[in-house]
*Asks:* 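Here you go, one structure.
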Amino acid sequence: MCTKNQTLVTELFLIGFSRDSNTNIVLFFIFFLVYVSTFVGNCIIICVIIYSTQLHVPMYFFLCILSFLDLSYSSTVTPKLLADLLSNDPTISVGGCAIQLYLTLLLGGTECLLLALMAYDRYLAICRPLHYPVLMRWRTCYWLTRIVGLFGFTIFILPSFFMPVPLCNPNQINHFMSSVLKIHSTGRSRAFSTCTSHISVVVLFFGTGMTIYFGSSSLHSSNQMKYISVFYVILTPMLNPIIYSLNNRDVKVTMRKVVVKITTLNSQRTLHL
């Protein structure tokens, strides 16, 4: 509850990275390029997996969902960040803050569970290869995906409805989005290559997340975590499709075929003209 000298706020002021307009313009173009790369990269992964029938297996089904979550996750924060970088009044309403917070929790939490599910899929593919087609048939994959989504809502969203927190003055947040930093807080080589992409993504996602939520809540730490969270929320969704495409032969081969087919079609159209 708010004290006698405090009042409930209706909007929040986001301090962001800098109050220098030139610095903000540079940051705008950097984050804009990162967001475009995130959008294009994840869309390419989704389209390639849907287009290629040889990628219609559980591993790439989960990867397609991961790309969708990354795209959605980045889109909950980055557009608002870009708008605030060009604004003299970087504020967000309490309602908008709540929507952003719930979407970030839901998408980020669901991605954590999906990464665990992808790890289980790789475990079965490596340790139980003969039983894998039966254990991970499509019906099972669909049910596991539904369970991940349901668990994500139940674990990360539902409890917040029963623990409302009033927002009192001061209404400044030393961050660029909703902030929870003040809460205290052919053999072995083939098997490894199969997991390399997934391990890289898990380290990026959970490593930066643990740094944020298990770190100190001091002001100095808050300034550091603001920059670390850029990597966690904005850069990681851009890197995921790059990591999976560079370390995965099937994805690279399929993307090469798509590029060749598009080039051939364009050449044929040019000849007809």
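The figures that follow rest on heavy atoms only: side chains count, while hydrogens, waters and symmetry mates do not. Keep in mind the model is a prediction, meaning the values are calculated, not measured.
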*Asks:* Are Y73 and L103 connected in a single hydrophobic cluster, I mean Ile/Leu/Val/Met/Phe/Trp/Tyr linked by side-chain heavy atoms less than 4.5 Å apart?
*Replies:* no
*Asks:* Would you check if L144 and V148 make a side-chain contact, meaning some heavy-atom pair closer than 4.5 Å?
*Replies:*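 No; the side chains remain at least 4.5 Å from each other.
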*Asks:* Output the distance between atom OG (S72) and atom CD (E111), rounded to the nearest 0.5 Å.
*Replies:* 10.0 Å
*Asks:* Please step through side-chain contact (heavy atoms from CB on, under 4.5 Å) for the pair T140 and L135, ending with a clear verdict.
*Replies:* CA-CA 7 Å; T140 303; L135 293 174; over 6 Å; no
*Asks:* Could you walk me through whether L106 and T110 pass side-chain contact (heavy atoms from CB on, under 4.5 Å), step by step?
*Replies:* CA-CA 6 Å; L106 178 62; T110 302; 3.8 Å; yes
*Asks:* State, to 0.1 Å, how close D121 and Y132 come at their nearest heavy-atom pair, and which atoms those are.
*Replies:*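 Minimum heavy-atom contact is OD1-OH, 2.5 Å.
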*Asks:* Looking at NZ of K80 and CG of L85, how far apart are the two atoms once the value is rounded to the nearest 0.5 Å?
*Replies:*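 Interatomic distance, K80 NZ to L85 CG, rounded to 0.5 Å: 10.5 Å.
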*Asks:* Please report the closest heavy-atom contact between F32 and L82, naming both atoms and the distance.
*Replies:*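 Between these two residues, the closest heavy atoms are N-CD2, 3.6 Å.
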*Asks:* Side-chain heavy atoms nearer than 4.5 Å, only ILVMFWY residues, links allowed to pass through others: does that put L150 and L66 together?
*Replies:*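 No.
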*Asks:* State, to 0.1 Å, how close S67 and I45 come at their nearest heavy-atom pair, and which atoms those are.
*Replies:*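 In this case the closest contact between S67 and I45 is OG-CG2, 3.2 Å.
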*Asks:* Show every side-chain hydrogen bond (donor to acceptor under 3.5 Å, both in side chains) that has at least one partner inside residues 22-37, sequence neighbours left out.
*Replies:* D20-T23, Y35-S75
*Asks:* Between L115 and L124, is there shared hydrophobic-cluster membership here, with clusters defined by ILVMFWY side-chain heavy atoms closer than 4.5 Å?
*Replies:* yes
*Asks:* Out of curiosity, does Y142 fall in the hydrophobic cluster containing M118 (side-chain heavy atoms, cut-off under 4.5 Å, transitive links)?
*Replies:* yes
*Asks:* Hey, what do you get for CG (L81) to OG (S87), rounding to the nearest 0.5 Å?
*Replies:* 12.0 Å
*Asks:* According to ring-ring contact (aromatic ring centres under 6.0 Å, His included), who are the partners of F31, at least two apart in sequence or on a separate chain?
*Replies:*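 F31 satisfies ring-ring contact (aromatic ring centres under 6.0 Å, His included) with F17 only.
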*Asks:* Using a 6.0 Å cut-off, check whether atom CZ of R139 has over 12 heavy atoms from anything other than its own residue.
*Replies:*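 Atom CZ in R139 is not packed in, count stays at 12 or less.
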*Asks:* So, for T145 and F62, which heavy atoms are closest and what is the spacing to 0.1 Å?
*Replies:*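 Here T145 and F62 meet closest at OG1-CE2, 3.8 Å.
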*Asks:* Kindly give the heavy-atom pair with the smallest separation between H56 and W138, and that separation in Å.
*Replies:*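 Answer, listing the atom of H56 first, then W138: O-CZ2, 3.0 Å.
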*Asks:* Checking the side chain of S52 only, and the main-chain atoms of V48 only, is there a donor and an acceptor separated by less than 3.5 Å?
*Replies:*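 No.
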*Asks:* List the steps, then state whether side-chain contact (heavy atoms from CB on, under 4.5 Å) holds for V57 with M136.
*Replies:* CA-CA 9 Å; V57 294; M136 292 300 291; over 6 Å; no
*Asks:* Atom CZ of residue position F28 - does it have more than 12 heavy atoms of other residues, nucleotides or ligands inside 6.0 Å?
*Replies:* yes
*Asks:* Got a second to check how far L63's CG is from I46's CD1, nearest 0.5 Å?
*Replies:*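 L63 CG to I46 CD1: 9.0 Å, rounded to 0.5 Å.
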*Asks:* Test your reading of the model: is there a side-chain donor-acceptor pair from R137 to the backbone of V134, 3.5 Å cut-off?
*Replies:*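 Here the side-chain-to-backbone pair exists.
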*Asks:* What closest approach, in Å, do L71 and C43 show between heavy atoms, and which atom pair accounts for it?
*Replies:* CD2-SG, 4.0 Å
*Asks:* Rounded to the nearest 0.5 Å, what's the gap from CD1 on I49 to CD1 on I44? Could you check?
*Replies:* 12.0 Å
*Asks:* Enter the distance from L114:CG to L69:CG here, rounded to the nearest 0.5 Å.
*Replies:*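 Here the rounded value is 6.0 Å.
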*Asks:* Hey, any chance L33 and L86 share a hydrophobic cluster, counting ILVMFWY side chains that come within less than 4.5 Å of each other, even indirectly?
*Replies:* no
*Asks:* Which is it for Y60 and C64 under the side-chain contact (heavy atoms from CB on, under 4.5 Å) test, yes or no, and what are the steps along the way?
*Replies:* CA-CA 6 Å; Y60 298 107; C64 186; over 6 Å; no
*Asks:* Got a sec: does the OH of Y102 have more than 12 other heavy atoms crowding it under 6.0 Å?
*Replies:*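 Correct, the count exceeds 12.
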